[in-house]
Every structure is written in C-alpha cells, then in structure tokens.
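Worksheet for the structure shown next.
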There are 2 protein chains.
Amino acid sequence: MDKQFKINAFRTGLAQFITFEESEWEIFSQYLSFSTLKKKDHFVVEGKVCDCIGFIIQGAVTHYHVKDGQEITGYFCFENELVSAYKSFLRRIPSTNFIQALEETELVLIAYADLQKMLNHPMLALKMERFGRLVAEYYICCYEDRVTAFVTQSPEERYTTLEKTAKDIFQRVPQHFIANFLGITPVSLSRIRKRTLILKD
Amino acid sequence: MDKQFKINAFRTGLAQFITFEESEWEIFSQYLSFSTLKKKDHFVVEGKVCDCIGFIIQGAVTHYHVKDGQEITGYFCFENELVSAYKSFLRRIPSTNFIQALEETELVLIAYADLQKMLNHPMLALKMERFGRLVAEYYICCYEDRVTAFVTQSPEERYTTLEKTAKDIFQRVPQHFIANFLGITPVSLSRIRKRTLILKD
DNA sequence: TGGAAACGTTAACAAAAGATAAGGATTAAA
DNA sequence: TTTAATCCTTATCTTTTGTTAACGTTTCCA
C-alpha cells in the first residue's frame, strides 16, 4: 500500500480528534512510520514495553491475554481506530497482553520517543497535548461504558447490546473471541445465542 | 473546613499529575470553587449533565446506577482522588449514574466552563492541556486493569485480588457495595468470603 | 488435494451465581 | 429509649455458567 495514501488516510482519520494546519502537518508527518502486519503477526507481545501507537488504515487486530496457557481476547480494533497497549505504552512497563493482527493490517505508527519529541516541539506542543488529551478522553468514555456493562448487565444482556450496536463484529471476528470479550466462555455464548434466537420468533 | 487549607491540599494532591509555578497557580486557583457534601448528598444525578470535576480533600463517594429500581454501585473515590461522571462531563450529555457522598465530603471543584476558560487562557493553556491529558491517561490505566479483571478473572479471583490490593476499602465501604463493584450480588460475595476464609486456615 | 487445525454447536455434569426470604446484629433516627 | 432501617449471613431453590468431550463443517496450509 502506498505511503502517501496511508498518510492521507491517517490525516482524515485523525479528524475525529484534531485537525492539523499545513505547517503543522509537515512537521508532524515527518515523525510517522509505517508497518504492515501479516495475519497472526504481533503488534505487541506480553513482557515487552509497547513502543508505538498505531492507526489502522486497513485490517483488524485483537488484544488477548494468556492465562493458564489459554488465550483470552479482551478487545478488537478495526479501520480508523488507534491501537496500542496503552498502559504499557504510557507507563513504559512490560505489556501484560498480546496484540495480534486478525487479517493483513496496514498501520501508521507513532513511536513513543517521537511522540515525546513532538510534545516538546515548540510548533507542535500545544496541539499534541490536546491531541493526547482528546484521545485519552475518548477512551475514557469507551471504558466507562464497558465497565458499566460488566457491573450492571448480565452476560446475556451484554450480548444482546453488542448484537444491536455492533452487529458487524460478528461477521468479522470468530465467535469465541466475542465470547471472551463479553466475559464468558464460547460454549456459554453459543447457548445464549440459541436462547435469544428462540425468543426472537 | 478552611478554604486555604483545601486549596493547599489540592495543590499537593495535584502533584501526582502536574505542578504549577506560582504565577500559574495564582491564575488557576481563581477558577476553583468549594463544596461540602453531607452524607447521602449527591454530586451528580442521573439525567443531568455533570458540571464539575471534584477533588476530594476529605471523605468518600460512590458511583451508582439505578436498574429496575435497584442501586448498583460501580465505583468509589476517596481522599486525594478526582471525582466526576466523566463521559457526561466531557461530552456534555446527561449522566447515566449517580454520585453520592458516603460520608461528609470536602471538595475542591473545577467547573466545566472554567476549565474551558483555562484551556483558552494563554498563560495556562499548555499546562491545562497536559493536565487533562495526564489525568485522562491515568484513568485509562485504571480502566485497563479493571476491564482486564472482568475479562480474565472469575468473581472469586477479583475478590481475592481486591482483598490483597485494597483491603482498606472493606473497612470503609459497606460490603454489598463492594459486591456490585466486583460485578456480583451481595449474597454471592458473602459466599465467596466464606469459601476463601476456609481455604486460608 | 489431502490432512490438520480451527470453529461452532450440543450434551452431560459440576460448580457457581442469582433470587428470595428469614434471622440476627448493628446503627441510625424519631 | 424504642423503633426503624441497614447490613451481613445463611438457607433453599432456580438459573446460568464453567468444564470437558464429542461431532460435523469449514478453513487453512503443506
């Protein structure tokens, strides 16, 4: 995939958070790098500090933990979303989970060191601080909903909500990943689907 | 409680995020206001836009949802922590939950409108953007752990972890609130406690 | 293209959690 | 101080979930 295309797509995608003036973009874009993950390639590995934030131009990734030798999927990201092991990235500590490409995935990357340089760059500092703030605030809102769902809803309710609000995920992600995401086992999700399907008639 | 004391405590407490120069503090502190909540007073009510971020000088609050007429506690905050219904505050939408004082609680407040003024204040803008970013990043890290716990751990494991890492909560918060926080019913938590107590001998 | 791996469903059983109610202890309030 | 409210525990029963394993499909490679 062409770099210029990726850069443009990135700029468009960032508009949900912030827009750069030409002069700012010229500087900002010099700090970007690019990466293509093949299916099953890892973006982050447990035990290593996550060094980049990625923006997905094309493709999809999963976040998963390994517990007792089992992989448990906690999250997915698709096109036009940022991806990183944020706690690891922000605190510079080893990641506790893996991030892996579900399909061939095209990314634009911002390295931690480069982000720091931009935060210290007189022309960019204010905008980058704001950019960081808005991204972080965005995730807070997402997380708030997610935690609320775990606290106030049953697994079946969480499934029903997901099925209503993000039906496309089911076309794109194996069902047992979605089960993990909902905090239940694949077998249990299969049962819930059967139950709720009958009720729909 | 004396305002000057509260302001000083606030400044000290903010040091976990950011430190202000004298000149900055003079401006910043003019935007602060103060509040004392009596036990059971609400900081935020469902259906209303949350207008402030509070910093707890003294006291404790709970976040709770009402579902089918039942109160379900999702979170607690204590001294030296910020409190707000963030999604409501940030997006200017009605809150989906209540925030209520568990004890008499002393707060320093930043109103949304004032925060915007500070973000536009030439002397303060950069620092406030950074402040906002760091606070939001802090919560992302908290939320990441919380969601991970829901996805990868059983209720019993979540209880055991909490009991290890934040035992003091049990001295300060009714147990059925903690049950909600863990995503289970009070009856179930009581059983888990009995189970794990026996295993300890 | 043939064999292996991955995936979803189902069954059977065990374990855990939810719902409801009752009882006792503590705390708060009238 | 007496009454009421709050809180935790326990018991019983129902429902749901977890666990393990089997089966048939589909997908993926080698």
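Please read these numbers as outputs of a predicted model, since none were measured by experiment.
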Handout entry: Closest non-hydrogen atom pair, V151(A) against F181(B)
Key =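 Heavy-atom minimum between the residues: CG2-O, 4.3 Å.
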Problem - Ion pair check, E129(A) and R133(A), cut-off under 4.0 Å - result: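 Salt bridge: no.
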Exercise for the section: Using a strict 4.0 Å threshold on nitrogen-to-oxygen distance, state whether K38(A) and E106(A) make a salt bridge. Expected result: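 Answer for the salt bridge query: no.
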Practice task
Using a 4.0 Å heavy-atom cut-off across all strands, classify P155(A) as base, sugar-phosphate, or nothing.
Solution key: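 Here P155(A) touches the backbone only, sparing every base.
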Among [options], the one nearest [X] by side-chain distance:
{"X": "V187(B)", "options": "dT17(D), dT6(D), dA11(D)", "value": "dA11(D)"}
{"X": "K40(B)", "options": "dG8(C), dT6(D), dT17(D)", "value": "dT6(D)"}
{"X": "I192(B)", "options": "dA11(D), dA21(D), dA17(C)", "value": "dA17(C)"}
{"X": "R191(A)", "options": "dA11(C), dA12(C), dT10(D)", "value": "dA12(C)"}
{"X": "K39(A)", "options": "dC7(D), dC28(D), dA11(D)", "value": "dC28(D)"}

Whole Å only: how far is the [atom1] atom of [X] from the [atom2] atom of [N]?
{"X": "F177(A)", "N": "dG8(C)", "atom1": "CZ", "atom2": "P", "value": "9 Å"}
{"X": "L189(A)", "N": "dT16(D)", "atom1": "CG", "atom2": "C1'", "value": "14 Å"}
{"X": "L102(B)", "N": "dT6(D)", "atom1": "CG", "atom2": "P", "value": "14 Å"}
{"X": "Q153(A)", "N": "dG18(C)", "atom1": "CD", "atom2": "C1'", "value": "16 Å"}
{"X": "R193(B)", "N": "dT10(D)", "atom1": "CZ", "atom2": "P", "value": "11 Å"}
{"X": "L197(B)", "N": "dC8(D)", "atom1": "CG", "atom2": "P", "value": "16 Å"}
{"X": "N180(B)", "N": "dC8(D)", "atom1": "CG", "atom2": "P", "value": "11 Å"}
{"X": "F170(A)", "N": "dC7(C)", "atom1": "CZ", "atom2": "C1'", "value": "15 Å"}

Phosphate oxygens OP1/OP2 of [N]: is one of them under 4.0 Å from a side-chain N or O of [X]?
{"X": "Q175(B)", "N": "dT9(D)", "result": "yes"}
{"X": "R195(A)", "N": "dT9(C)", "result": "no"}
{"X": "H176(A)", "N": "dA6(C)", "result": "no"}
{"X": "T185(B)", "N": "dA17(C)", "result": "no"}
{"X": "S190(A)", "N": "dG8(C)", "result": "no"}

Practice task
Take E103(B) and R172(B) through the test salt bridge (charged side-chain N to carboxylate O under 4.0 Å, His left out) and record every step on the way to the result.
Solution key: CA-CA 10 Å; E103(B) 328 163 353; R172(B) 224 168 147 185; 3.0 Å; yes
Practice task
May I ask you to decide if the ring planes of F20(B) and F131(B) are parallel, tilted or perpendicular, using 30° and 60° as cut-offs?
Solution key: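 Geometry flag for F131(B) against F20(B): perpendicular rings.
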